[in-house]
Amino acid sequence: MSNLEHGKKSIKKDLKEHPVKVLALIYPYMLVVGLGIGLFYMSKINKIGKNLIPPPLSDSTYEFQDLTLKMPSVTPKADVMALSQPTPDLVAKGKSLFATNCVSCHGTDGKGDGVAAASLNPKPRNFTSQDNWINGPKISGIYKTLSEGIKGSAMVAFDTFTPEDKFALAQYIRTTFVPNPPQDTKDELTDLEQTYNLAQGQVNPGQIPIKDAMVLIEKDGAARYAQVMSVLNKIRNDSGSSGADIFKRVTKNEVRALTALSSTDEWHNNEQAFVDLIVNELGEDGFNDSVHYLTSGEWDTFFKYMNQYF
Ligand code: HEC
């Protein structure tokens with residue numbers, strides 16, 4: 001009998017004859033192994049605990065859509081009776097507006113088969129057919145469609161068009177695509193004039209993103225808001241002015257930039273203070289890094305330009 005076999009036999013034999021003695025011998029080892037497993041578990045307890053509970057998912061159904069910045073504007077008045085005549089000038093204007101704004105959906109031939117039409121439901125109107133019109137192909141109908149859009153379809157309102165633009169488009173569509181276009185009655189034209197205030201023109205209030213409004217309110221309210229918006233409006237209309245160009249180039253958030261400039265008059269007669277204020281404002285998101293690349297000539301121009309508004 002080999003030693004190994006002898007050993008196995010003797011453990012079995014010992015276990016049978018002296019169970020307590022054998023267990024007492026193994027006990028310290030079991031204790032150490034048990035302790036080891038316990039320590040290992042404790043050291044990983046964070047991971048083990050985390051894995052048991054699924055991580056909370058962020059709520060993707062809630063997405064905050066802030067307002068877009070819209071400058072206040074005036075819709076000019078329009079002479080409805082004159083614009084209801086399809087003069088060659090008006091039709092030509094309509095043609096060019098149609099080519100840039102409508103062809104992608106309505107197609108060059110007005111059949112509702114532009115390149116973007118395939119994926120749309122409902123399909124863009126086929127102007128050459130009498131079927132399916134909602135507001136209709138009279139001038140008043142097309143004017144309404146362009147002013148309000150058609151809910152639940154890709155036909156959106158074209159808010160930025162002037163009344164004359166809308167008449168021009170209506171005239172172009174009617175003279176070019178619609179077979180025997182029906183005439184508006186005098187009452188329909190009067191109604192159109194009243195509904196859209198065309199005889200007086202209209203003032204459209206501006207709108208500012210809520211996050212910017214909060215900054216303004218924090219800084220001090222209505223008077224500041226009015227000043228900032230009026231300066232912004234002037235700058236936007238100063239196209240071609242090098243001061244305005246620099247302003248547009250170096251601002252990240254125009255409202256914030258102007259709010260910062262309106263918050264103190266220390267810089268009004270001090271170009272260095274002006275530079276300091278703007279550079280310090282970088283972290284607040286009003287201005288962007290390109291201020292670092294302005295030449296001293298550009299700083300002069302920019303400084304003088306802003307001084308005239310504050
Ligand atoms: C993004 C695609 C798209 C563009 C761009 C578009 N339209 Fe439309 N248009 C539609 C769709 C779609 C309809 C049909 C809506 C429906 O049936 O509900 C429609 C319908 C119309 C109608 C018929 C309204 C009625 O009474 O049924 C007119 C008129 C019209 N569009 C004019 C224009 C003009 C003018 C332009 C350009 C300034 C234009 N559309 C640009 C998609 C477009």
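Remember, it's 1-based here, ligands and their atoms both numbered in the order they're listed. Quick caveat: nothing in here was measured; it's all calculated off a predicted structure.
Ordered by chain and number, H106 NE2, M155 SD make up the set of protein N, O or S atoms under 2.8 Å of atom 8 (Fe) of ligand 1.
A donor-acceptor pair under 3.5 Å is absent between the side-chain atoms of D265 and the main chain of H268, judged by distance alone. Of the possible donor and acceptor atoms, one in the side chain of R174 sits under 3.5 Å from a partner among the backbone N and O of P137. A donor-acceptor distance shorter than 3.5 angstrom exists from the side chain of Q171 to the backbone of L83, with no hydrogens or angles considered. With N233 contributing its side chain and M229 its backbone, the two residues share no donor-acceptor pair below 3.5 Å. Checking side-chain atoms of D184 against main-chain N and O of S140 turns up a donor-acceptor pair under 3.5 Å. D79 contributes a side-chain N or O that, together with a main-chain N or O of A82, makes up a donor-acceptor pair within less than 3.5 Å.
Residue, atom and distance of the protein heavy atom nearest to atom 15 (C) of ligand 1 are S153 OG, 3.4 Å. What sits closest to atom 28 (C) of ligand 1 on the protein, heavy atoms only, is F127 CE2, 3.5 Å. For atom 5 (C) of ligand 1, the closest non-hydrogen atom of the protein is N101 O, 3.4 Å. Among all non-hydrogen protein atoms, the one lying nearest atom 14 (C) of ligand 1 is K123 O, 3.4 Å. With respect to atom 26 (O) of ligand 1, the closest heavy atom belonging to the protein is N135 N, 2.6 Å.
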Donor-acceptor pairs under 3.5 angstrom involving side-chain atoms of residues 88-97: please list them, not counting sequence neighbours.
unit_1: K93; atom_1: NZ; unit_2: D165; atom_2: OD1; d: 3.1

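Contact annotation: for L146 versus ligand 1, heavy atoms closer than 4.0 Å belong to the side chain alone.
Surrounding NZ of K248 are more than 12 heavy atoms belonging to other residues, nucleotides or ligands, all under 6.0 Å away. Counting heavy atoms of neighbouring residues, nucleotides and ligands inside a 6.0 Å radius, atom NZ of K138 exceeds 12 of them. Under a cut-off of 6.0 angstrom, the local environment of CG in N237 is crowded, with over 12 non-hydrogen atoms contributed by other residues, nucleotides or ligands.
Which parts of ligand 1 touch I173 is read off a 4.0 Å heavy-atom cut-off, strictly below it: atoms 35 (C). Listed by number with element, the atoms of ligand 1 under 4.0 angstrom from any heavy atom of W133 are 23 (C), 25 (C), 26 (O), 27 (O), 29 (C). Near F161, with a cut-off below 4.0 Å to any heavy atom, the atoms of ligand 1 are 38 (C).
Residues F274 and F310 keep their aromatic ring centres 6.0 Å or farther apart. Ring-centre distance between Y305 and F247: not below the 6.0 Å cut-off.
Of the candidates N132, D165, I134, the one placing a heavy atom closest to atom 27 (O) of ligand 1 is I134. Considering P122, S119, G141 only, the shortest heavy-atom separation from atom 12 (C) of ligand 1 involves P122.
At a 3.5 angstrom cut-off on N or O pairs, G136 counts as close to ligand 1.
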